[in-house]
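Start at 1 and go down the list; that is how both ligands and their atoms are numbered.
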Amino acid sequence: MIYLDNAATSFKKPEAVYEETIKCMREYGANPGRGGHSLSIRASMEVMRVREKIGSFFNIKDPTRICFTKNATEALNIGILGYLKEGDHVITTSMEHNSVIRPLNTLKRDRNIEYTVVDCNDFGEMDADDIKKAIRPSTRLLVSTLSSNVNGIVMPVKDMGKLAAENGICFLLDASQGAGSIKIDVNEMCIDMMAFPGHKGLLGPQGTGAIYIRDGITLSPIIFGGTGSHSEIIFQPEMLPDNMESGTLNTPGIIGLGAGIDYIEKTGIDEIKKRKHKMVKILHEGMEEIGKIKLYSKNNPDSNSGIVAMNFYEIDSTEVSYVLDKVYNIATRAGLHCSLLAHQALGTVKSGIVRFSPGPFNTLDEIDSTLNALREISNNM
Ligand SMILES: Cc1ncc(COP(=O)(O)O)c(C=O)c1O
C-alpha cells in the first residue's frame, strides 16, 4: 500500500514510536498520578518528560500548561467551550475544520455567542487585515487553523497573533496540520492557546493530542473528576494540567508521542518539510503535465503544509480515490474533508477533493507510481 493520507493520521511511524509505546505497556504501564508506588511514580515521571519535550519543541516555558487530550478535537473543544461566555464574539476563518465550527455553532445556538467567518480567496488565502475589520468590542477569541486540512494553505499566523495581542483578544491556534513540519514558537507567534494532535505530523500514536493554555488564561473544564490528585476536595482541582486532564491518561500513547518528537528533533523539522515538499512539488508538476486535472493547492513550501488537492475535471473525487485504492493500492482521501466552509470557499462542495498527503516515510518511487496511476486513469477517461 502506498499511504498518502498522512493529513488524517501519519503512517508509518518512526520505529522508536512502536518500541517506546510497547516498552511502556510492558515495563511501566501503571497509572500515572494514581498511587505512590514506584511504578506509578515512574509512569508520572515519563509523562512529565514528554510534557517537557513538547514544551521545548514549541517554546512553552511552563510544561504544566500543556494538558493531554485524546486528539485535537477534544483540545479544541476544551479551548472553545471553556473560554467563551454568553455574549462573546468570535472571529474565525473559512478554512476551519468542523472541530472548530461545530462547537462554535453549538455555542451560537445554545449560549448566545456570535461568530464571524473571515473570507479567503480561491486558494483559501487570508488577509490578516480582514480580521481587523471584523473586530467588535465584544470580540474575545480568534480561532484559526495553522494550515488547511483540505488544501494545505498556510495561514498568516504571526500577523494574526500580533493583531489579537494588540486588541486584547485571545488567540487559539489549531495546529493540527503543520505541527511537526512548520516551526511553531508560541511566544513569537503570540499564541494564547494551541490545540494539536499527537498522531499526525508529530508522528505519535492515535489517541494523543494536547492543548497549551498560556499562563493568565483560565478555562472552565468541560469534563470533571478522575484526576487522582486532591482527592480531599469535591470539586475539580484548579491547577493545571489536572484541571483539564480528567480520567486516566493514554500513557503508552503519550510515551510514543515523545518518541515521535525525538525523531523530528533528530531529523530536523526543516529536513522533514523539505522531504514532504519535494514530493508535493513532483506531484503538482506531474499532475499539471497529465492535464484534465484541476489543482486547488499551491506548489510553494511556505504556503502549503504538505497537501496536494486535486480533481479530474469530469470525475467525482470519491470515484478517483476508490480506483486509486482498489486498482493501484494507493490510499488518498476524497469527498468533503470535515470542512464544509473550506469546500464552499474552494467551490468543491459537490465534487469534493482528492487529497494526497505524503509523510516523511514516503519514497520518490511511490510518488512516481502515483503519477503513473493518475496518468492511466486520465488516459482511460
Ligand atoms: C485542521 C484540523 N483540525 C482538527 C482536526 C481534528 O483532529 P483529530 O482527528 O486529532 O481530532 C483535524 C483532523 O484532521 C484537522 O485537520
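With Tyr28 as the aromatic partner, Arg42 meets the cation-pi criteria of under 6.0 angstrom to the ring centre and within 45 degrees of the ring axis. For the pair Arg51 and Phe68, the cation does not sit on the ring face, since its NZ or CZ is not both under 6.0 Å from the ring centre and inside 45° of the axis.
A 6.0 Å sphere centred on NZ of Lys292 holds more than 12 heavy atoms belonging to other residues, nucleotides or ligands.
At distances below 3.5 Å, not a single donor-acceptor pair connects side-chain atoms of His277 with backbone N or O atoms of Lys273.
With a 4.5 Å cut-off between side-chain heavy atoms of Ile, Leu, Val, Met, Phe, Trp and Tyr, the cluster of Phe235 takes in Ile234.
For the pair His199 and ligand 1, a heavy-atom separation below 4.0 Å is found.
At least one N or O atom of Lys200 sits closer than 3.5 Å to an N or O atom of ligand 1. Not a single N or O atom of Thr145, backbone or side chain, sits closer than 3.5 Å to an N or O atom of ligand 1. Inclusion of Ser99 in the set of residues having an N or O under 3.5 Å from an N or O of ligand 1 is not warranted. In terms of N/O distances under 3.5 Å, ligand 1 is approached by Ala72.
For atom 4 (C) of ligand 1, the candidate residues are Gly207, Ser305, Ser176; the nearest heavy-atom contact is made by Ser176.
Close approach of ligand 1 to Asn71 (heavy-atom distance below 4.0 Å) involves ligand atoms 8 (P), 10 (O), 11 (O).
Counting heavy atoms closer than 4.0 Å to ligand 1, residue Asp174 contributes side-chain atoms (C-beta onward) but none from N, CA, C or O.
Annotation: atom 16 (O) of ligand 1 to nearest protein heavy atom, Gln177 NE2, 2.7 Å.
Inspection of the Ser351 and Asn311 side chains reveals an N or O donor paired with an N or O acceptor under 3.5 Å.
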